[in-house]
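Residue numbering restarts at 1 for every chain, and letters A, B, ... go by the order of the sequence lines. Only this structure's heavy atoms are used, side chains among them; waters, hydrogens and symmetry mates stay out.
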Amino acid sequence: MERVRVATWNVNSVKQRVPRLLPWLDQRQPDVVCLQETKLADDAFTTLLGDALEERGYEFALFGETQWNGVAILSRVGLDDVAVGVAGAPGFPHIEARAVAATCGGVRVHSLYVPNGREPESDHYKYKLEWLAALRDVLEAGPSDALVCGDINIAPTDADLFDPEAYIGQTHVTEPERAALQAIKALGFHDVVRDRWPTERIFSYWDYRAGMFHRDLGMRIDLILASGSVAPRAKAAWIDRHARKGTGPSDHAPVIVDLDEAPDGDIGPVVPPPSSPGSKKKVKLPQAK
DNA sequence: ATGGCTATATTCTATAGA
């Protein structure tokens with residue numbers, strides 16, 4: 001098989017993002033795309049994008065809702081054994097559209113929108129942790145060739161935050177959340193972007209407000225985790241910061257990994273690192289809550 | 001600047017996001 005490009009993108013309403021999504025597909029030519037926060041029911045998604053995706057050679061699997069959440073997988077390298085939801089995971093209170101999985105080009109691909117958590121110790125925070133524990137069990141029982149993609153809503157380390165002090169006591173950084181992520185990594189999953197850019201300033205989310213993107217004040221919460229069998233095939237892995245620029249962007253940027261067939265473990269040519277403008281300047285930081 | 005922006009559904013306002 002040729003090189004396979006897999007991407008994940010929290011689009012923050014696929015309806016609002018059509019003018020960004022379709023040109024991005026044409027430019028980046030991903031073979032598999034995991035989408036989150038589509039915020040659209042499945043029939044409305046198909047009406048909106050079915051023809052445009054079919055023209056581009058994509059099949060798609062959907063798990064959407066009318067208003068919130070919503071995930072999808074687009075694939076032009078096969079889309080088999082589609083499963084929606086996370087077996088054993090709780091709802092809030094109803095089951096939310098936060099997970100869809102499919103086998104694409106021989107790899108089990110998961111498109112995930114992990115619950116936000118809102119405030120530590122809240123019911124939503126407990127829901128997040130229980131949901132992540134159930135996800136871990138599903139991954140443990142699943143195929144060994146797997147990619148866990150999506151808006152994980154956890155900053156793996158303080159290096160994934162523009163200002164760790166601003167996040168003390170907030171969700172996305174608490175020890176139980178990081179432990180839940182670590183429990184997944186302990187199954188053999190590798191954070192391919194951080195592994196490729198171990199010391200770079202790389203974020204995937206920037207708040208819409210206060211010029212946060214312009215000042216590069218963000219968080220890295222959108223991840224691609226590759227199983228031990230797949231990670232050595234990663235020849236490039238990066239965050240597509242360009243997609244956060246310009247008119248009408250999502251507040252998240254896509255994450256992309258290129259997989260080669262060759263299982264030699266060599267990390268070959270890669271794209272240049274994203275620029276980090278202003279990182280040496282004194283910046284005025286927004287108040288923590 | 002204590003949610004500052006953007007999205008949702010609904011409407012003269014609330015909820016969600018991270």
Side-chain angles (χ1 to χ4, degrees), chain A residues 8-21 35-45 48-49 63-72 91-98 112-129 131-132 150-178 180-181 202-223 239 241 243-255 283-289:
Chain A
T8 183
W9 193 5
N10 179 326
V11 291
N12 187 16
S13 172
V14 74
K15 187 188 290 184
Q16 294 300 320
R17 220 58 62 211
V18 168
R20 299 299 301 259
L21 176 62
L35 300 176
Q36 299 87 38
E37 287 209 81
T38 56
K39 298 185 177 178
L40 205 58
D42 295 350
D43 55 353
F45 185 109
L48 179 71
L49 281 169
F63 185 24
E65 299 177 28
T66 304
Q67 184 175 2
W68 305 116
N69 309 312
V71 288
F92 193 76
H94 68 283
I95 297 298
E96 297 181 309
R98 294 182 177 274
L112 304 173
Y113 177 45
V114 174
N116 173 292
R118 298 181 188 169
E119 301 292 336
E121 307 311 322
S122 68
D123 287 346
H124 205 266
Y125 178 84
K126 294 168 187 168
Y127 164 53
K128 180 180 192 174
L129 294 179
W131 195 96
L132 286 163
D151 179 354
I152 305 302
N153 268 326
I154 300 168
T157 75
D158 283 353
D160 301 302
L161 304 168
F162 77 90
D163 179 12
E165 292 188 5
Y167 289 92
I168 291 172
Q170 299 192 47
T171 55
H172 298 66
V173 306
T174 67
E175 191 281 329
E177 290 166 277
R178 286 175 169 170
L181 176 58
I202 41 174
F203 302 132
S204 68
Y205 162 85
W206 300 260
D207 197 299
Y208 281 124
R209 294 165 296 174
M212 296 287 273
F213 177 71
H214 180 70
R215 297 192 286 165
D216 198 25
L217 306 180
M219 315 171 71
R220 193 176 69 96
I221 54 176
D222 300 86
L223 306 178
I239 294 174
R241 197 171 179 281
R244 180 63 174 77
K245 300 178 181 178
T247 303
S250 170
D251 44 2
H252 295 251
V255 185
V283 295
K284 182 185 176 193
L285 303 181
Q287 295 289 320
K289 277 190 171 178

Phe213(A): partners by ring-ring contact (aromatic ring centres under 6.0 Å, His included), with sequence neighbours left out: Trp206(A)
Residue-phosphate contact under 4.0 Å: Tyr113(A) side-chain N/O, dA18(B) OP1/OP2: yes
side-chain contact (heavy atoms from CB on, under 4.5 Å) partners for Lys126(A), two or more places apart: Asp123(A)
Sugar-phosphate, base or nothing in reach of Ser13(A), heavy atoms under 4.0 Å: sugar-phosphate
Using a cut-off of under 3.5 Å, enumerate the N/O to N/O pairs linking the protein to nucleotides 10-13 of chain B.
none

Arg178(A): partners by side-chain contact (heavy atoms from CB on, under 4.5 Å), with sequence neighbours left out: Ile154(A), Ala155(A), Asp158(A), Leu161(A), Val173(A)
Sugar-phosphate only, base, or nothing, as touched by Phe213(A) at under 4.0 Å among non-hydrogen atoms: nothing
Short side-chain donor-acceptor distance under 3.5 Å, Glu37(A) and Asn12(A): no
Sugar-phosphate only, base, or nothing, as touched by Asn153(A) at under 4.0 Å among non-hydrogen atoms: sugar-phosphate
Sugar-phosphate only, base, or nothing, as touched by Asp207(A) at under 4.0 Å among non-hydrogen atoms: base
N or O in side chain of Arg209(A) less than 4.0 angstrom from dG17(B) OP1/OP2: no
Close aromatic pair by centroid cut-off 6.0 Å: Tyr205(A) and Phe162(A): no
For DNA chain B, the dot-bracket pattern of Watson-Crick and G-U pairs whose distances stay under 3.5 Å, | for other-strand partners: ....(((((...))))).
For Asp222(A), all residues meeting side chain to side chain donor-acceptor pair (under 3.5 Å), sequence neighbours excluded: Ser204(A), His252(A)
For Asn116(A), side-chain contact (heavy atoms from CB on, under 4.5 Å) partners two or more places apart: Arg118(A), His124(A), Asn153(A), Thr171(A), His172(A)
Pro249(A): side-chain contact (heavy atoms from CB on, under 4.5 Å) partners, not counting sequence neighbours: Arg20(A), Arg244(A)
Side-chain-base donor-acceptor pair under 3.5 Å for Asn12(A) and dA7(B): no
Sugar-phosphate, base or nothing in reach of Arg220(A), heavy atoms under 4.0 Å: nothing
Nearest-angstrom distance from the residue atom NE2 of His172(A) to P of dA16(B): 15 Å
Sugar-phosphate, base or nothing in reach of Asp222(A), heavy atoms under 4.0 Å: nothing
Counterpart residues, side chain to side chain donor-acceptor pair (under 3.5 Å), relative to Glu96(A) (two or more places apart): Arg98(A), Tyr127(A)
